[in-house]
Amino acid sequence: MDEVIEWTPKARAVLAAAEELFYARGIHAVGVDLIAERAGVTKKTLYDRFGSKERLVVEYLRGRDARWRAFLAPLLDAAGDDPAARLRAVFDASARWSAANSGKGCSMINAHAEISDPAHPAYRVIVAQKAWMLDLFTTIAAGDAPTARALMLLHEGALVSDGMHVFENPYARARDVAVELLETG
């Protein structure tokens, strides 16, 4: 993660509006005029604070990732050192996060559906968030890379299934398979 930026109240209003709109409608479907209007600022203020829509997208995704990590950290701490308990904590946290903050799936996956160009500055944020999750699963799996990748696939599948409302309780179903995989190797 990059350094924490102290945003002005108007910049925070822009970020809040951008997050709501980007997540609900999609990044490409939302223009800066609508974001400025929703935030109660001028377009000039938006550009003064962020410089471009690309930078606003980057900060939206960074903020979402930072909040996810902050949400997850105490749950991992409470799980202690037991790998299965830590794994359950990740899937259960994802279910709770989704219920409280989502409805359309993972913001990183959704953003990647729109931003697949590695030259776009938001692409690095998206990939870094997923790399962080893989590192977490690798740590939980005691460095067993094939198991970590399988855990990641189960988690990502649950994110997508939940966002698409494919079936009930995807996080619980994926969690149970993940724990079994972790315990049986």
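Computed from a predicted structure; not experimentally measured.
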Looking at E54, I'd like to know if its CD atom is crowded, meaning that more than 12 non-hydrogen atoms belonging to other residues, nucleotides or ligands lie closer than 6.0 Å. yes
Aromatic ring pairing W97/W68, orientation class (parallel under 30°, perpendicular over 60°, tilted between): perpendicular
Would you mind reporting whether W132 and R69 have side-chain heavy atoms less than 4.5 Å apart? yes
Are any of the side-chain nitrogens in D48 or K44 under 4.0 Å away from the carboxylate oxygens of its partner? yes
With a 4.5 Å limit on heavy-atom distance, are the side chains of F50 and V58 in contact? no
Against the six-membered ring of Y60, is R55 placed for a cation-pi contact (under 6.0 Å from the centre, within 45° of the normal)? no
same_hphob_cluster(L151, M108) at 4.5 Å side-chain heavy-atom cutoff: no
With rounding to the nearest 0.5 Å, note down the distance linking CD1 in I140 to OG1 in T147. 12.0 Å
Could you measure the distance from the OH atom of Y23 to the SG atom of C106? Nearest 0.5 Å is fine. 8.0 Å
Rounded at 0.5 Å granularity, tell me how far OG in S161 sits from CG in N169. 11.5 Å
Using the rule that Ile, Leu, Val, Met, Phe, Trp and Tyr join whenever any side-chain heavy atoms are under 4.5 Å apart, tell me whether V57 and L21 fall into a single cluster. yes
Would you indicate whether the side-chain heavy atoms of T138 and R149 approach each other to under 4.5 Å? no
Side chains of L46 and K53: closer than 4.5 Å at any heavy-atom pair? no
Linking I/L/V/M/F/W/Y whenever their side-chain heavy atoms sit closer than 4.5 Å, directly or via other members, would M133 and L76 fall into one cluster? yes
Evaluate the criterion side chain to side chain contact (heavy atoms under 4.5 Å, CB included) for residue pair E114 and N110; output intermediate values, then yes/no. CA-CA 7 Å; E114 295 189 66; N110 295 346; 5.9 Å; no
When the side chains of residues 172-184 are checked against the rest of the protein, which donor-acceptor pairs come out under 3.5 Å, sequence neighbours left out?
| unit_1 | atom_1 | unit_2 | atom_2 | d |
| --- | --- | --- | --- | --- |
| R173 | NE | E168 | O | 2.9 |
| R175 | NH1 | D92 | OD1 | 2.7 |
| T184 | OG1 | E180 | O | 2.8 |

In Å and rounded to the nearest 0.5 Å, what is the CZ to CG distance from R86 to L75? 11.0 Å
Among residues at least two apart in sequence or on other chains, which ones pass ring pair (Phe, Tyr, Trp, His ring centres under 6.0 Å) with Y47? none
Establish whether L61 and V32 are linked, either directly or via other cluster members, by ILVMFWY side-chain heavy-atom contacts under 4.5 Å. yes
So CG of D135 and CE of M152: to nearest 0.5 Å the spacing works out to 9.5 Å
Heavy-atom closest pair (R124 atom, P118 atom, distance to 0.1 Å) is NH1-O, 4.2 Å
Stacked cation flag R49 on W7, 6.0 angstrom / 45 deg: no
Sorted by chain and number, sequence neighbours left out, salt bridge (charged side-chain N to carboxylate O under 4.0 Å, His left out) with E156 holds for K130
What's the separation between atom NZ in K104 and atom CG in D162, rounded to the nearest 0.5 Å? 13.5 Å
Hphob cluster co-occupancy, L72 + L134, side-chain heavy atoms under 4.5 angstrom: yes
When E20 is tested against each of R25, R38, R64 for salt bridge (Lys or Arg N to Asp or Glu O under 4.0 Å), which residue passes? R38
With the threshold set at 4.0 Å, does a side-chain nitrogen-carboxylate oxygen contact exist between E19 and R67? yes
Can you give me the closest heavy-atom contact between A89 and A79, atom names plus distance? CB-CB, 4.1 Å
P146 and D144: which non-hydrogen atoms are nearest, and at how many Å? CD-OD1, 3.0 Å
Is K43 reaching over with its side chain to a backbone N or O of A36, donor-acceptor style, under 3.5 angstrom? no
Using the six-membered ring wherever Trp is involved, compare the ring planes of H155 and Y171 and label them parallel, tilted or perpendicular (cut-offs 30° and 60°). tilted
Would a 4.5 Å heavy-atom cut-off, applied to side chains only, mark V90 and F137 as touching? yes
